[in-house]
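Let me begin by presenting the structure, written as structure tokens, before commenting on it.
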Amino acid sequence: GTGGGPDESSTTLTIAANSIEGGKNAESAQWIKQWVIPEFEKTHPNVKVLFQPSGVDDEQYKTKIALDLKSRTGADVIDLDGIWVGEFAQAGYIKPLTEVGGATVEQWEGWSQIPQAVQGLGIFDGKKYGLPQGTDGRVLFYNKTLFTKAGLPATWQPRSWQDIIDAGTRLKAAGVPTPIQLNAGTAMGEATTMQGLLPLLAGAGAEIYTAGKWTGASPAMKDALALYQRVYGGSGLGDPKLQQEAKGRDKSFARFAEGKIGILAESDYFWRSVIEPKAGVAPMKDRDQAVGYAKIPAKQPGSGIRGQDYVSMSGGAVRVLNPFSKNPRLAWDLLAFMHSAAATKAQLAGQVRISARTDVNDEVLTADPMLKYIADDVLPLTAYRPGLAVYPQVSTALQEATAAVVSGRSADEAATAYQAKLEGIVGGAANVSG
Amino acid sequence: MTRPGKEKPVITLHALTKTFPGGVHALDDIHLTIADGEFFALLGPSGCGKTTLLRTIAGLETPTRGTVHIDGRDATPLPPGQRDVAMVFQDYAIFPHMDVTTNIAYPLRIKKVPRAERTAKAADVAARLSLTDLLHRRPAELSGGQQQRVALARAIACHPTAFLFDEPLSNLDARLRLEARTFLKRLQRELAVTTVFVTHDQAEALALADRIAVMSAGRMIQVATPAEIFHRPATTFVASFIGSTPMNLLPARATDAALHVAGATLPLPAPVQDGHLTYGVRPEYMTLSPTERPDAFPGTVSVHENLGTHTLVTLETPATLIQAVVPEGDEPPLGTPAWAVPRRALLYRDDTLLTTL
Amino acid sequence: MTRPGKEKPVITLHALTKTFPGGVHALDDIHLTIADGEFFALLGPSGCGKTTLLRTIAGLETPTRGTVHIDGRDATPLPPGQRDVAMVFQDYAIFPHMDVTTNIAYPLRIKKVPRAERTAKAADVAARLSLTDLLHRRPAELSGGQQQRVALARAIACHPTAFLFDEPLSNLDARLRLEARTFLKRLQRELAVTTVFVTHDQAEALALADRIAVMSAGRMIQVATPAEIFHRPATTFVASFIGSTPMNLLPARATDAALHVAGATLPLPAPVQDGHLTYGVRPEYMTLSPTERPDAFPGTVSVHENLGTHTLVTLETPATLIQAVVPEGDEPPLGTPAWAVPRRALLYRDDTLLTTL
Amino acid sequence: MARPTSAADAAGLGTGRAIAFVLPALTLIAVFLVFPALWTIYLGLTDYRLTGTAAADPRLVGTANYTGALTDPRFLSSLWLTVLYVGGSAVIGQAGLGFTLAWTLRTRTGPLRRAVEGVVLLSWILPSTVVGFLWFALLDRDDGTLNALLHTPGLAWLLDHPLLSIIVFNVWRGTAFSMMLYSAALENVPPSHLETARLAGANVPQQLRDVVLPAIRRHILTNLLLISLWTFNDFTPFVLTGGGPEGRSEILPVYVYRVALKDGQLGAGAAISFLILLINLVLALAYLRLLRGRRQRRRHQEIAAAGGPPA
Amino acid sequence: MIRHTLGRLATTVVIAAVLALFALPMLWLASAPFDDTPAITTSIPDFTLRNFAAILDNPYALGSIRNSLIQGGGAAALVVVLAALAAYALSRVRVPGRDALLYLLLLLSSVVTGTAAMVPIFELATRLGLIDTHLGVILVVSGGLLPAAIFILKDFMDDTPTSYEESARVFGATPLQILRHIVIPLVRPGLATIAVWALASVWGGFLFQFILLRDPEKAPGSVILYTLYTEGGAPKLDLISTFSLLYSLPVVAMYLFVSKRYGFRFHGGIKT
Ligand SMILES: Nc1ncnc2c1ncn2[C@@H]1O[C@H](COP(=O)(O)OP(=O)(O)OP(=O)(O)O)[C@@H](O)[C@H]1O
Ligand SMILES: Nc1ncnc2c1ncn2[C@@H]1O[C@H](COP(=O)(O)OP(=O)(O)OP(=O)(O)O)[C@@H](O)[C@H]1O
Ligand SMILES: [Mg+2]
Ligand SMILES: [Mg+2]
């Protein structure tokens, strides 16, 4: 759309994102500077668009944005992790898009292109706060070379947790140093929760937050922790030390690339950016041949959430409008523009990842079977985290529970400790289920 | 031996009192007038207030009471920089980060004398003190004597009304000190600038000063010429403090016409009332006799100290030690008895000079 | 005046050489024997190596070459603690955090003497040095003289073979120094312990020592008794260094039977070959004459320095300054001409003593 | 040097100018230090968070944050770890090694001394963001330089000995300050005192006990005060261990970081910061008490030295 | 003699061991930047300068070092100047309770350098219009460093004999002249030491620099170093190692300069 205020002549708009040229998410930063800004300024001759890059740890970025919004300053269009939408909304830092951008928001053409589940990333309390940029999905990556060596099929899809354990046992017997890498412990941070405990919990039939209650030491939680215990509790299937090291996750990437890990649960980021043959941080030249991927099975077929056989977890970033923007309507124009099909395609230029728009995905993902697999097979099964302010603490509690198991405590003990901790975090047993 | 001619007072202290916060009475009601061109020494034991007096004249300490007049002006309220005096500190306080020229020229720099002029002036003064070859050295590269000369040069460079010296010789070694003494005396004669000189070395004070003030515990005990101080010390304190060998001070008892001191009976020219009497005689005014005499102090020779042309002999008496200076070669052997005959003596009652004998 | 009787060598230095890393030759081939009970002074200007020599004896410096024997043993390889010597430093080095008793008893504590015994011993030594009342004071609460006595007491307490004193008097004020001198001399007589005493003050060395070694630039120039050193200084360096007033050293020219010095013609008892001659006469051995004399040095009176019983008069001659000591009252007035008549003199060729005159 | 201690107002500053000299620094400190510090202390009384409902509407909760922290076993274990960390790395490690270096280098000159001082100081001034990588390279389990040197492949220093590792790390990081301070302090020990002890036959430990330590006690206390304070607030170990494994290296600054930044509980974080301040205060008072005993004696000393011997 | 030599040999060995302990971690900084495939561990590099070319391609890398110099240098200068003035006055004029005040400030500085003071600092900077300015960073970090700097410098000042100042004063120098001509030159080694200390403290600081600045053109090296990670948080070691090296050089250079020129040490020690 066009529109905008009468004094467009002296207007500047600012975009803030956790990306920076030459650093973290450099592609995204390049896209904003080299595509979004010139293109938008072409159609809005009197508007100057500025970019405010960051490119740091998510927590630090979040802190900075929160401080900005708290003091009613900051950029007009802001990148946020979907998981933060709830807490920012509760704090009054962001407002529903229609409240800020006006009536035109509802009429945006893009809504029809974004699947409901993905739209959920920007929704809190039933209101749309942000436009999702894209999403991801978690699967099990496995090393086909090692599988062949262990006599396992090169095309592998486990149907239950037991299948994973069995494969791990075979790999171990075949001399693979670390058969299974299931992120655990506090050092891995959110990777433990997203790639580890939450998919398992979903596979055992529970979500971390449902109907206003947080899942405590429920049977599903105990099942999930029990699987950790089977992997790390002396079976030799996993490497407990690796979970404790501060740089454990980076090392797990490197080890997978070196062919020392059999099965590894990760998001498609692993495929795109870690073992990517050319620019990855732990490149595998023969990625396309040597690495397979499989959906994460439920504990038993049908025992997953919504009765599913397979589960996954997804996250994704959104863009929101700053409610204290001086030109909210114009900011919305910019936001909508950044999420147009053309913009989305431009953003993906050269690389393949799952955007929020189906029209773009349909076009782009054909280039990469893996991402197409995620979009087609995994996203329909996936689940999202609750965007509430206490979630980071709950996540930490979950990480600590896995850490306890890794360091030798039983799943039950860890679950009990977790329950106590959780009650403290969420304000009493009344808010805990299970 | 006051210097003749100039009698204009340059420094006048009136009822000067300084009490430090801790309650120490460093100066106690000091009255003093120092004449133009005079070389005035402040002498006294450590802690008697010499430095404090000097610093009060310089304006570095504010007196608790009393006034300081310099060159006719009441300087009491003036800051140090406006009193037109120059001070040489015991540690010389030459600035370690400046070379000799810059150090000497520093007072002129403060007075905003143009650079060329002050360098010339510094070179001038330096030449006078034979420092010309050292002009570009840093203080760390100078010997003690050279440092002292730099400090003097800096003081001279600003042409003050008065010099204030705080033990400027005490950091030099014994030999250098003697030479510096003569040098300083000639220099002061030449410049004819009023000088107040602090020392705890009586020999220095005697040798250098026109007048000496002997201080003790913040008070002036005696202000007089060196000769007067040497020959008629006003109190036993001054008597014991002055002289290159310590004066023999012996308790005495007076009868009608005789004085009984340390085993000797001495004639008294005029009768004295008895009381707390002290008989003082300098070792230089003693003669040793190998035979008994009633007017001599008997003792046993216990120590010889070679003084060069003379020997200081210490006699042990039952009650005390008595010292006498004898020409070299005349010393009685150690361990033999000897009798010390006084030639010139002083008599004190209650530590105050009563009469000379 | 070597002490009679005891001639056993206690300290023997052989070919002792010390070169510091910087290349300074602090000691240069020193040979020396110090007898039992002797009071031996090391005298010399600053930097001549006195302290280095003392420290090498103590074992605090390792000699570059040569040996140190103490009490018959080769002590060269021994650490300081095993040489059985005690040293008193210029700053006394009494430990500020220990009281007097503990300080005195410290060497005994290191030797593991039981507490009761060492306290008793400390009290004993302290009593001898009149420190009994101060036994529980801290060093900060002591005067300089008392501190010095504590340092001595600590040295005495461990009954060493020899005492080594590094300028122990130089931190005392002028008056105290004179008293301490006599005290030290009496004490050493009493204890009869071999003592090596470093000083740069010739008066101290003359007064105290049985023998004196005059050092210069790491070498021993003369080792002799005080009288010998005073009357027959071996070189002009020693001559200028010794004496409480600096010796007049004048360039001289010899003809057949006469010496031409600073405007005077003096008789020569025996003919001397000409060369680089120096005529030396102590101010004490000069008489001032108000009238011209051919055998006297003419000059103008320029400075009087009061020495107490005498006055040091400086004459300015066209070429140099000449000093003479006259009894007080006999000084010619400043600015008048005067003739200085030598009574006893020394003649040096190439700075080495040729003859006495 | 005649008077090492300052007489009152040597330069004739006067009160007015003295205030003018102090004022700029005090203003900056007041605005950018005292004011935020007081505000932080106030935040410690609220349930303030960076996001969520508590961010919009923080409530005063009184001492709840404090009782919360003091009853949190994690806080208590963190406090204990910090005590061990400060004691081990600052008091024993930095001060001990710093003193040892200062003592052994004291009489040396030349390249060895310069090299040692150089690397020790380099460890101190390298940016904290960089040193983390250096230590990973040293301590890594698989290819770490240390394991390669010690022939102990696979020894996970940071996991098996997390506290020891960060203690050694902090010794490496901070010894320079103590070394410099003690080097300077040792120059104030009169050589004659040491030599007197040597002449009496004292060995090195006896010399240290009887001469050196009493002479530099005030330096030691000041050094301990500063390095304890700095170590107590040192966040750098986080880059090495991230507080783990299982909080076994979660010292208080890391704990605060986790509570305030990761969990977003700024109120609680502020309260703990204030608790750290109180602990530091206790520490400082303890040190000062030791110091004061010394000071009074020193004052006594000055008076006595200036005023001559008391009768 | 032999004993002595043996003892000296033993201490030399101990010193060499300490030297090794301190030098070992630095090997990474010497090897990784030149390694074709830098890892988080130290290895003999496959020598290349490619990493340097790569870091120079980063649009912010060099600029960030300049920013670090501006902020670190600015803070160091501000801290040295203000602390010197304050320390001088506190050292020379008796103010009752000055020691207690210094200790209190020292303690408070620990609160403010912690994470929890983030919000007050940020709000303060916002209200004062200091967000996204070098000045803001300089002022905030200086506030935290000043108490310790005053504390240390005051001791330096206490140790300089007052006779120099008194001497200048008798010649008529004003307090400012005394400060300029005498005191500053005398304590210059101390000032230089404090300057390096302040610079080094600011150099590695991240959190405040990050939240106070918006424009990456103003970000210091410590912030830019944090951007050299992937979206998943994995370090790009080729860039990080090279940047670490470049970024450490200015501090090291300043240290070398100061230590050569003035001697990097605490003359007299700190003993208040
Ligand atoms: N700033 C001060 N504060 C308190 N007392 C002081 C101060 N300065 C000097 N005093 C005291 O004043 C008295 C006189 O001191 P002053 O320095 O004038 O003595 P002095 O005669 O110069 O001694 P010395 O020969 O040792 O230099 C001493 O008792 C000293 O302790
Ligand atoms: N540790 C050292 N390193 C290098 N040179 C030294 C050392 N100690 C002394 N020297 C040099 O050795 C020479 C002799 O020094 P020493 O201290 O023995 O002289 P001194 O006669 O005691 O002088 P003073 O009367 O000044 O005490 C001097 O030139 C001195 O500079
Ligand atoms: Mg004095
Ligand atoms: Mg010496």
Side-chain angles (χ1 to χ4, degrees), chain D residues 1-3 6-13 17-18 21-22 24-25 28-29 32-34 36-37 39-40 104 112 115-116 119-120 123 125-130 133-138 140 143-145 180-181 184-185 218-219 222 229 233 256-257 260-261 266 269-270 273 277 280-281 284, chain E residues 11 15 19 22-26 28-29 40-42 82-83 85-86 89 91-94 103 105 107-117 119-121 124 139-140 142-143 146 158 161-163 165-166 169 175 178 200 203-204 222 225 244 248 251 255 265-272:
Chain D
M1 298 278 161
R3 332 175 139 237
S6 57
D9 202 6
L13 275 183
R17 255 194 229 91
F21 275 25
V22 178
L28 190 69
I29 290 174
F32 290 97
L33 184 88
V34 177
W39 189 337
T40 307
T104 44
L112 188 64
V116 173
V119 287
V120 173
S123 318
I125 58 171
L126 280 180
S128 45
T129 27
V130 170
F133 288 101
L134 306 188
W135 275 72
F136 275 124
L138 181 70
D140 187 67
D143 307 305
T145 320
M180 278 166 52
L181 202 151
R218 297 176 56 227
H219 298 90
T222 303
L229 193 67
N233 293 286
V256 174
Y257 176 80
L261 205 92
L266 283 169
S273 285
L277 178 131
N280 280 327
L281 183 66
Chain E
T11 47
I15 291 175
L19 186 68
F22 276 84
L24 261 187
M26 292 173 198
W28 186 80
L29 210 48
I40 59 168
T41 56
T42 306
L82 295 193
L85 286 174
S91 163
R92 292 303 191 242
V93 178
R94 298 231 161 93
Y103 282 116
L105 293 178
L107 287 174
L108 279 182
S109 66
S110 73
V111 173
V112 164
T113 47
T115 323
V119 171
I121 298 259
L124 189 67
L139 290 175
V140 165
S142 299
L146 265 174
D158 284 349
T162 53
S163 60
E165 291 148 57
E166 290 179 338
R169 209 172 145 215
I178 294 176
W203 206 255
S222 51
L225 187 65
S244 293
S248 302
V251 213
Y255 156 68
R265 49 194 317 284
F266 292 146
H267 296 264
I270 302 158
K271 56 181 180 306
T272 306

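These numbers were taken from a predicted model, which means no experiment stands behind them.
Ranked by heavy-atom pairs shorter than 4.5 Å toward chain E, the options D:A284, D:A260, D:P24 are led by D:P24. Of the listed residues (E:P120, E:G204, E:G143), the greatest number of heavy-atom pairs within a distance under 4.5 Å of chain D belongs to E:P120. For the set D:A270, D:S273, D:A25, the entry with the most heavy-atom pairs within less than 4.5 Å of chain E is D:A25.
Annotation: the span from D:F133 atom CZ to E:S244 atom OG amounts to 6.0 Å, rounded to 0.5 Å. Rounded to the nearest 0.5 angstrom, D:W135 CH2 and E:M26 CE are separated by 10.0 Å. The structure places CZ of D:F32 at 11.0 Å from CG of E:L146, a figure rounded to the nearest 0.5 Å.
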Full working for side chain to side chain contact (heavy atoms under 4.5 Å, CB included) between D:L138 and E:W28: CA-CA 8 Å; D:L138 181 70; E:W28 186 80; over 6 Å; no

Going through the checks in order, is the side chain to side chain contact (heavy atoms under 4.5 Å, CB included) test met by D:I29 and E:L108? CA-CA 10 Å; D:I29 290 174; E:L108 279 182; over 6 Å; no

Using side chain to side chain contact (heavy atoms under 4.5 Å, CB included), reason through D:V34 and E:L105 one step at a time and then give a plain yes or no. CA-CA 8 Å; D:V34 177; E:L105 293 178; 3.9 Å; yes

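A pairwise comparison of heavy atoms in E:V93 and D:A18 identifies CG2-CB, 3.9 Å as the closest pair. A pairwise comparison of heavy atoms in E:A89 and D:V22 identifies CB-CG2, 3.5 Å as the closest pair.
Side-chain atoms of E:S222 and D:P127, non-hydrogen and from C-beta on, never get closer than 4.5 Å to each other. Side-chain contact between D:T104 and E:I15 is present, with at least one heavy-atom pair separated by less than 4.5 Å.
Proximity to chain D (any heavy atom under 4.5 Å) is restricted, for E:L225, to the side chain, taken from C-beta onward. Using a 4.5 Å cut-off between heavy atoms, D:T145 contacts chain E through its side chain alone, with no backbone atom that close. For E:V119, the part lying under 4.5 angstrom from a heavy atom of chain D is the side chain only. Interface residue E:I178: only side-chain heavy atoms are found under 4.5 Å from chain D. Of the atoms belonging to D:L112, it is side-chain heavy atoms, and not backbone ones, that fall under 4.5 Å from chain E.
With sequence neighbours left out, E:A200 forms a side-chain contact (heavy atoms from CB on, under 4.5 Å) with D:I125, E:V251. Applying the side-chain contact (heavy atoms from CB on, under 4.5 Å) criterion to E:S109, with sequence neighbours excluded, gives D:L33, E:P147.
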